[in-house]
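Right, one structure below, let's go through it.
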Amino acid sequence: MSALPSVMLVVLSLVTFATAQSIAPSKVDSMMDLRMKNVSVNKDDQYICTSYRMPVNESYIVQFEPLANANTAHHILLFGCSEPFNTQEEGAWSCRMICRGEEQILFAWARNAPELVLPPDVGFKVGGASKVKHIVVQIHYAKALPSFRPTDQSGIRLHLTQQRQRYEAGIFLLLAYSLTIPPNTKKVSADISCGFTASGNIYPFGFRAHAHSLGRVITGYHVNKAGQYKMIGKGNPQWPQSFYPVSNKVVIKPGDKLVGRCTYNSTGRMKTTVIGPTAGDEMCNFYIMYYKEVSTQIPFPQCVGNNVPSLITNLPPGSDVQLPYNATLEAAAHGHRSHMQGHEDSDVAPNTIDKPTDGSKPGLQHYVNFQSDFMSDKAMSSSSVSGLDYPIGQVGGVATDNKGGVYVFHRGNRVWDGSSFNFQNVFQQQTSPIEQETIITYDKDSHILRKFGKNIFYMPHGITVDQNYNIWVTDVGLHQVMMFPAGSDQPNLTLGVKFQPGSDNSHFCKPTDVAVLSTGEFFVADGYCNSRIMKFSKDGTFIKSFGNGLMTIQADGFPPEGSFDIPHSLTVAEDKGLLCVADRENGRIQCFDFNGNFQKQIHPAEFGPRLFAIEYCPLHDGLLFAVNGPPLDNSQTTVRGFIIDINTGTLSETWNTQDGLKNPHDVAVDPHNLRVYVGELNPNKVWRFDMMGESGSIVTNGNGPKSTTASGITGTTSPSGVSDATTDSSEPIVAKGTLNEDDTVLPAVIIGVLLVIPVVIIVIVVIVVRVYKNGKYDCCGRHRSYPSKKFNLGDLLSPHRGFNRLNTDESDNEIDLSDSDQEEYSITQKA
């Protein structure tokens, strides 16, 4: 048997390792932060620019690092200028005008895109004798800044070197400027085509696709003089709008052609959409990042409109077909690091999913499938700490943290019945705290990690875990709210007076839930008696309250906006600036801004008369998960779960267990692992549901049926004791649309290597064949002593030696997916 396969495996291993190690920029001499200078943004859709002078000495940008919270900045563009439009370097301006004279795009950032590391020997030349004397930072603020963050300093950090780079980087833009998208149409395309004019070749190494909410796929092609099409890149504009590596070896020569196509789906939109600058408009941009010889000149680095229509006729099949679902990129686009692994199929029979016949959110790619009883006996017996020696009681609340941990707040042997409170709402069993541990923490595999809370609580209700792993709970018997620091079994903040109901600023009456902002400010739903929402500072100082218990009925059949009949559950959509309330006995959701001003209400007939709990999920531009409860009016309302588009209030889907939910009391969503948890009062259960991929396969983190993950689980532990397990798979899984992450390895290396692997495999085959033919090994795989022709891996990756592929890195910031990019649209149409 020939040794050739063995040689290939060895070389593959070495090259994969070398590739991972060599993905690094040139030596960095300095860094420069290009930030907004404490700008104030008091209305939506503002475009603000500021400028920075480049170093006096010639320098090269070799890395772009975002310094932006995507909750604030919708997109950032960097423009190189000889002179900015506003020459006051300390100022900022509303930037319809960018530069005085010639300008060039250097970088674009949107939708939680990662940092960008250029290949070695490649850089954007700035300062010195270059044309880029200044860089203008343009930020689109899709929404006004919130009152608690009145100014902004978002921007981009440049990594610079004064070492002269062998090749200069640049961006070539394909842009469609005219398109009409009819309403409610599944597929509409905009096309771009033109000839390429330059004094020399350019070598694409990265591409970026940009469109708004209707965009589904954007594709760019190179067409050589023989009429052969080669794909430069294909992107989903709903994923992070990063510069992704060009997988094909492409050389664009003078006289060649460039072709682009943007494809949209307007299903569910009832108005005509055009290309333009506003949130309701669309865009069609395909960016090509390239390198070139220093001497190569490109007079017009843009392709605008469809100038060679005959090229469109011969577009390769599949140019308008969407990319396969990718759980990792879906999660990253919405600000979440994902540890998901796909499943080819499932041993669990899916339940019947009730999809609405119309009005569904276009592009929704997750459905909910009943998976299991999360707290099954089997799961408990395999716990990483000792299991429970008593049954779980009524589940008052369930919550998740940002590492996939699950928190259950239950009532042990306590049951809320007619004897629990008197007519003054005073709890009647004040000498009998619950003797069981009432707070149980599980990892995502239902292993018990921690339990505490015995002899503290009397009638548990709601539980919330904030981004710092602090646990917030409400006890309706105590009439109190408590906050337990991460890892502690004693509260360090307690609000309300023990066993004393009241309605002033220091008392609660049966508080139900807590919602916490990233600033530390928090809201309390108070609750069964007072029907109000109270807002507190981080240290527990009362700020304000809003809402009331007015029961007058309006013409639409609902009580007035801002009135409640038991505000039972709270959730914060911080990227939308909304606090939403499950108004239980009114069977509706009401949403407010953080100052208590009413914004919207959601009340589809499917809710029925009682809505118990809601939870916000930022995926797909914002979803609300909700559960209703059994009706008290003998109506035929089905008890089930719901998915609602928070932007439109549209009911996207309903879901249920195989046997049907009975008395759901709370719902929690884990957007990292695409899971939904529902706590029930009777039966005393926590049910787990998995959100489903578009193909119908369950998307989990490798612990469900027929997992395709390899062995080898590693991870870190959060302050709550929840393991942040990651899966170390021995086989590449890019083809399945998912990526594994290991927090101990630079994300940049992981993504770079995974994206390069298909090309590397081809490279290896060529290397081995050449080595074999050039005589380095004989027919039996033995090494020959006489020399052979020297071969350089760089020769295969590009026409220039030493070229390595583009490196990207996932980030972990939250994001607002509202849509408007004025400057990206009008880049060729300056006033």
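By convention here, the first residue in the shown sequence is residue 1.
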| task | Could I get the full list of ring-ring contact (aromatic ring centres under 6.0 Å, His included) partners for Tyr616, not counting sequence neighbours? | result | none
So which heavy atom on [X] is nearest to which on [Y], and how close?
| X | Y | answer |
| --- | --- | --- |
| Asn684 | Val395 | C-CG2, 4.5 Å |
| Gln430 | Phe427 | NE2-O, 3.1 Å |
| Gly587 | His603 | O-CB, 4.2 Å |
| Trp655 | Ile643 | NE1-CG1, 3.6 Å |
| Phe457 | Pro460 | CB-CG, 4.0 Å |
| Thr464 | Ala399 | CA-CB, 4.3 Å |

| said: Parallel, tilted or perpendicular: which one describes the rings of Tyr528 and His461, with boundaries at 30° and 60°? | reply: perpendicular
Is the backbone of [Y] close enough, under 3.5 Å, to the side chain of [X] for a donor and an acceptor to pair up by distance?
| X | Y | value |
| --- | --- | --- |
| Asp445 | His447 | no |
| Asn656 | Asp659 | no |
| Gln436 | Asn413 | yes |
| His665 | Gly396 | yes |
| Thr512 | Ala525 | yes |
| Ser569 | Ile614 | yes |
| Ser488 | Gln490 | yes |
| Lys662 | Gly660 | yes |
| Arg675 | Gly404 | no |
| Asp475 | Met459 | yes |

[atom1] of [X] to [atom2] of [Y]: how many Å apart, nearest 0.5 Å?
| X | Y | atom1 | atom2 | value |
| --- | --- | --- | --- | --- |
| Leu619 | Leu674 | CG | CG | 6.0 Å |
| Thr519 | Glu574 | OG1 | CD | 6.5 Å |
| Thr654 | Arg640 | OG1 | CZ | 4.5 Å |
| His568 | Asp513 | NE2 | CG | 8.5 Å |
| Lys454 | Ile439 | NZ | CD1 | 14.0 Å |
| Arg411 | Trp416 | CZ | CH2 | 6.5 Å |

Side chains of [X] and [Y], heavy atoms from C-beta outward: is any pair under 4.5 Å?
| X | Y | answer |
| --- | --- | --- |
| Ile589 | Phe642 | no |
| Ile456 | Thr438 | no |
| Gln428 | Ser419 | no |
| Phe522 | Met483 | no |
| Phe409 | Thr474 | no |
| Leu493 | Trp472 | yes |
| Phe523 | Val581 | no |
| Asn492 | Asn470 | no |

Between side-chain atoms of residues 606-613 and protein atoms elsewhere (two or more places apart, or another chain), which donor-acceptor pairs fall under 3.5 Å?
residue, atom, partner, partner atom, Å
Arg610, NE, Glu585, OE1, 3.3
Arg610, NE, Glu585, OE2, 3.1
Arg610, NH1, Pro630, O, 2.8
Arg610, NH2, Glu585, OE2, 3.3

| remark: disulfide bond (SG atoms under 2.5 Å apart) filter on Cys617, not counting sequence neighbours, yields none
| side-chain contact (heavy atoms from CB on, under 4.5 Å) assessment of Val398 paired with Val678 | CA-CA 7 Å; Val398 60; Val678 174; over 6 Å; no
| task | Give the intermediate values and the outcome of side-chain contact (heavy atoms from CB on, under 4.5 Å) for residues Phe594 and Glu521. | result | CA-CA 10 Å; Phe594 296 153; Glu521 294 177 316; over 6 Å; no
| query | Would you call Lys576 and Asp621 a salt bridge, using N to O less than 4.0 angstrom? | reply | yes
| message | My understanding is that only residues two or more places apart in sequence, or in another chain, count here; which of them pass salt bridge (charged side-chain N to carboxylate O under 4.0 Å, His left out) with Arg584? | response | none
| field | Pairing residues for Asp526 by the salt bridge (charged side-chain N to carboxylate O under 4.0 Å, His left out) criterion, not counting sequence neighbours | value | Arg532
| request: Verify the distance criterion only: is there a donor paired with an acceptor across the side chains of Asp645 and Asn647 at less than 3.5 Å? | output: yes
| message | Apply side-chain contact (heavy atoms from CB on, under 4.5 Å) to residues Lys510 and His479 and explain how you reach the verdict. | response | CA-CA 5 Å; Lys510 298 179 181 174; His479 304 287; 3.8 Å; yes
| message | According to side chain to side chain contact (heavy atoms under 4.5 Å, CB included), who are the partners of Glu435, at least two apart in sequence or on a separate chain? | response | Asn455
| request: Carefully, step by step, assess Val476 and Ser420 under the rule side-chain contact (heavy atoms from CB on, under 4.5 Å). | output: CA-CA 10 Å; Val476 295; Ser420 298; over 6 Å; no
| request: Under the side-chain hydrogen bond (donor to acceptor under 3.5 Å, both in side chains) rule, what do Asp401 and Tyr407 come out as? Steps first, then yes or no, please. | output: CA-CA 8 Å; Asp401 66 21; Tyr407 301 69; 2.8 Å; yes
